[in-house]
Amino acid sequence: MDSFEMSKMAGAVLAALLLIVATNVIVTAKTASSPTQPVAGYKLPTDTATAEAPAGEAAAKEVAEAPAAAGKDGAAAPAKDAAAPAPAAGGFDAKAVVAMLASAKAEDGAAKFKACAACHQVKKDAPSAVAPNLWGIVNRPKAAQADFATKYSEAMKAKGGEWTYENLALFLHKPKDYVPGTKMVYNGIKDPAEIASVVAYLRTLADAPAPLPN
Ligand code: HEC
């Protein structure tokens with residue numbers, strides 16, 4: 001009994017001690033944080049206000065200096081850009097692609113055409129969806145797929161002429177260069193041999209494939 005009373009008392013003392021320690025901690029925490037927080041809190045706006053001004057000035061200066069730097073780069077870049085496409089355009093020879101047609105493999109073109117099939121139907125009489133059906137495309141007048149008539153871009157409708165092998169090669173090499181403003185979202189095929197195989201495949205999409213060039 002005695003020891004029980006003792007431990008009860010000890011417990012009470014411990015509890016009291018704990019409470020004191022706890023309140024102490026809370027009070028110190030509060031007093032420690034309250035003086036610094038408001039000070040920092042009040043000071044901050046003025047600090048940032050004054051700090052922002054120079055930052056803003058610096059930024060303004062950077063902006064002011066930027067065009068000068070960009071101008072330098074800008075002057076150099078177009079020169080490079082202007083030089084780059086010239087050999088590229090000169091480097092691509094659509095006639096060479098046409099010359100490759102006789103030996104090009106339509107099966108390879110069919111494999112490559114998977115990227116085109118996302119948009120283009122190729123089966124005879126299949127309705128055009130997001131792109132004109134390409135059945136009979138070789139030597140067909142441009143923008144002439146009847147059920148796509150209202151959807152062709154103005155650029156494609158204005159292009160004129162027929163899809164000769166050479167025109168197909170030019171278009172497939174760089175659609176946006178051959179028909180600026182085309183709706184066809186496709187970057188083009190770089191490799192002339194690949195273009196030849198795709199055109200060879202397109203040629204097969206007809207009841208009577210167009211004759212191969214000599
Ligand atoms: C993202 C969809 C898309 C992909 C991929 C695509 N095309 Fe097209 N293609 C179009 C659209 C749309 C048009 C109509 C363009 C216009 O009116 O300017 C078009 C037009 C054409 C034409 C002219 C058709 C006509 O009736 O005058 C040919 C040829 C052609 N594409 C071939 C290809 C080939 C070959 C590929 C793959 C190497 C390909 N396209 C990939 C959407 C696509």
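Counting starts at 1 for both ligands and their atoms, following the listed order.
Between N133 and A126, the closest heavy-atom pair is ND2-O, 2.7 Å. Minimum interatomic distance between R140 and Q145 (heavy atoms only, all atoms of both residues): NH1-OE1, 2.9 Å. A pairwise comparison of heavy atoms in A131 and C119 identifies CB-O, 3.3 Å as the closest pair. Of all heavy-atom pairs between K112 and V198, the closest is CG-CG2, 3.4 Å. Scanning all heavy atoms of the two residues, the minimum distance from W163 to L168 falls at CE3-CD2, 3.7 Å. What you find for A169 and I195 is that their closest heavy atoms are CA-CG2, 3.8 Å.
Heavy atoms of A143 come nearer than 4.0 angstrom to ligand 1 in at least one pair.
Between V179 and F171, the closest side-chain pair of non-hydrogen atoms falls below 4.5 Å. With contacts defined as side-chain heavy-atom distances shorter than 4.5 Å, the pair F92/K174 does not qualify.
Among protein heavy atoms, atom 29 (C) of ligand 1 sits closest to L168 CD2, 3.5 Å. With respect to atom 18 (O) of ligand 1, the closest heavy atom belonging to the protein is S153 OG, 2.5 Å. For atom 12 (C) of ligand 1, the closest non-hydrogen atom on the protein side is V130 O, 3.5 Å. Nearest protein heavy-atom contact of atom 5 (C) of ligand 1 is A115 O, 3.4 Å. When only non-hydrogen protein atoms are considered, atom 26 (O) of ligand 1 lies nearest to Y152 OH, 2.4 Å. When only non-hydrogen protein atoms are considered, atom 15 (C) of ligand 1 lies nearest to T182 OG1, 3.4 Å. Closest to atom 22 (C) of ligand 1 among all protein heavy atoms lies F171 CE2, 3.6 Å. Scanning the protein heavy atoms around atom 27 (O) of ligand 1, the nearest turns out to be W163 NE1, 2.7 Å.
When the side chains of ILVMFWY residues are joined at heavy-atom separations under 4.5 Å, either directly or via intervening members, L202 and M100 end up in two distinct hydrophobic clusters.
Around atom 8 (Fe) of ligand 1, the protein N, O or S atoms found under 2.8 Å comprise H120 NE2, M184 SD.
Residue V185 approaches ligand 1 through these ligand atoms, each under 4.0 Å from one of its heavy atoms: 1 (C).
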Problem - Test side chain to side chain contact (heavy atoms under 4.5 Å, CB included) applied to Y178 and N167, step by step - result: CA-CA 8 Å; Y178 184 65; N167 283 183; 2.9 Å; yes
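When non-hydrogen atoms are compared, ligand 1 lies under 4.0 Å from the side chain of R140 (C-beta onward) but not from its backbone. Residue contacts with ligand 1, taken as heavy atom pairs separated by less than 4.0 Å, involve L172 solely via side-chain atoms from C-beta onward.
Every N/O-N/O distance between K142 and ligand 1 stays at or above 3.5 Å.
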Compile the donor-acceptor pairs under 3.5 Å between side chains in residues 204-212 and protein atoms, sequence neighbours left out, one pair per line.
unit_1, atom_1, unit_2, atom_2, d
T204, OG1, Y201, O, 2.5
D207, OD1, K124, NZ, 3.4
D207, OD2, K124, NZ, 2.8

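Remark: E162 does not engage K142 in a salt bridge, criterion side-chain N to carboxylate O under 4.0 Å.
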